[in-house]
Amino acid sequence: MRMASTGMQIFAFVLALLGIMGAMVATLLPNWKVSADVGSNIITAISQMQGLWMDCTWYSTGMFSCTLKYSVLSLPAYLQTARTTMVLSCVTAAMGLCLASLGLKCTRWGGGRRSKRHAAIASGGCFIAAGFLCLVPASWFTKEVITNFLDRSVPESNKFEPGGAVYVAFLSAGFLFVGGSIFCMTCSGKRHGNQDMVLLPPPDKLLLQQQQQLLQQQHQDQLQHQYCSLSPLDNKTGYSLQDYV
């Protein structure tokens, strides 16, 4: 049972590691939304991409240029929120990864079993929070892109579709959710198991108690046997003294 729990923890650690790597990649990628192949825009530029930090363009001549988004206040609300939440997701996931390395049962550092259990539960909570922080911007960004694409008043040259970074963010959020849930469930089950084991005395202690009780009973039987063997002598001695007197 312990081997299975350790294996599940390692599996959750790998999922969380993939989740944090995906969240960092999605945060840096410039293709959160890509231009749709509609209108006359395809003649001058092959593809336009917009990310959280920069906008990039592939030209038909083979040139590739990117422009950083320096002004934060000029960005729309969903883009500002996506920046903040993705950075917080990466930081929270990194913190959970450090706690998970201390809470793994196959490692020697991190203290005793109780300290490891608390560290593992805390890391699971960090992973779940990081997954939620990664899911919110991906969902909001997708909603804004789809709404803008379906708006008839927007020119076809300004319509975009969700890019690969959005899908990476969704996948990373799923990895973080699953990894954090496994960490919390395995440590919760282990905690109940320890409580049940504490209530029941160990087999060695039970055997020692039985041996002590057996020795006490044998000692009492010996004392009783000695008392019974000495009683007739005392009675006989008392009878002889009375006769003598």
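Start at 1 with the first residue, then count along the sequence.
Under a cut-off of 6.0 angstrom, the local environment of CZ in Phe11 is sparse, with at most 12 non-hydrogen atoms contributed by other residues, nucleotides or ligands. For CZ of Phe170, the number of neighbouring non-hydrogen atoms (other residues, nucleotides, ligands) closer than 6.0 Å is greater than 12.
The closest side-chain heavy-atom distance from Met21 to Phe175 is not below 4.5 Å. Using a 4.5 Å heavy-atom threshold, the side chains of Met24 and Leu28 count as separate. By the 4.5 Å heavy-atom criterion applied to side chains, Val178 and Phe127 are not counted as neighbours. Side chains of Leu52 and Phe141 form a contact here, defined as non-hydrogen atoms less than 4.5 Å apart. Looking only at side-chain heavy atoms (C-beta outward), Gln50 and Leu79 stay at 4.5 Å or farther from each other. The shortest side-chain heavy-atom distance between Gln48 and Asp55 does not fall under the 4.5 Å cut-off.
Across all non-hydrogen atoms, the minimal contact from Ser123 to Ala100 is CB-N, 3.5 Å. Nearest heavy-atom pair, Cys184 versus Ile128, reported as atom, atom and distance to 0.1 Å: SG-CD1, 4.4 Å. Residues Leu133 and Thr85 share a closest heavy-atom pair of O-CB, 3.5 Å. The shortest non-hydrogen separation linking Cys90 to Ile20 is O-CD1, 3.9 Å. The two atoms that bring Ala82 and Pro137 nearest to each other are CA-CB, 3.5 Å, heavy atoms only. Shortest non-hydrogen contact noted between Met86 and Ala23 is CE-O, 3.6 Å.
With hydrogens and angles disregarded, a donor-acceptor distance shorter than 3.5 Å links the side chain of Ser101 to the backbone of Cys98. When atom types are taken as modelled, the side chain of Lys69 and the backbone of Gly51 share a donor-acceptor pair closer than 3.5 angstrom. Between the side chain of Trp58 and the backbone N or O of Met49, no donor-acceptor pair lies under 3.5 Å. Looking at Thr142, its side chain does come within 3.5 Å of a backbone N or O of Ala138 through a donor-acceptor pair.
No continuous path of hydrophobic side-chain contacts links Phe160 to Tyr167 [ILVMFWY only; heavy atoms under 4.5 Å]. Note on Val136: it clusters hydrophobically with Tyr78, by side-chain heavy-atom contacts below 4.5 Å among ILVMFWY residues. Under the 4.5 Å side-chain heavy-atom criterion for grouping Ile, Leu, Val, Met, Phe, Trp and Tyr, Leu88 is not connected to Phe132 through any hydrophobic cluster. Note on Met54 and Leu75: separate hydrophobic clusters, where clusters join Ile, Leu, Val, Met, Phe, Trp and Tyr whose side-chain heavy atoms are under 4.5 Å apart, directly or indirectly.
Atoms CG and CG, on Leu176 and Leu171 in that order, are 10.0 Å from each other to the nearest 0.5 Å. Separating the CZ atom in Phe13 from the CE atom in Met8 is a distance of 15.5 Å, to the nearest 0.5 Å. Atoms CG and CG, on Leu17 and Leu15 in that order, are 9.5 Å from each other to the nearest 0.5 Å.
Remark: Ser153 pairs with Asp151 by the side-chain contact (heavy atoms from CB on, under 4.5 Å) rule, at least two apart or across chains. Residues passing the salt bridge (Lys or Arg N to Asp or Glu O under 4.0 Å) test with Lys143: none are found, sequence neighbours excluded.
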Worksheet entry | Residue pair Val87, Arg83: steps toward the side chain to side chain contact (heavy atoms under 4.5 Å, CB included) verdict | CA-CA 6 Å; Val87 172; Arg83 276 187 174 188; 5.7 Å; no
Discussion item. Would Phe177 and Leu135 count as a side chain to side chain contact (heavy atoms under 4.5 Å, CB included) here? Give the steps.
Written reply: CA-CA 10 Å; Phe177 272 126; Leu135 183 64; 4.0 Å; yes
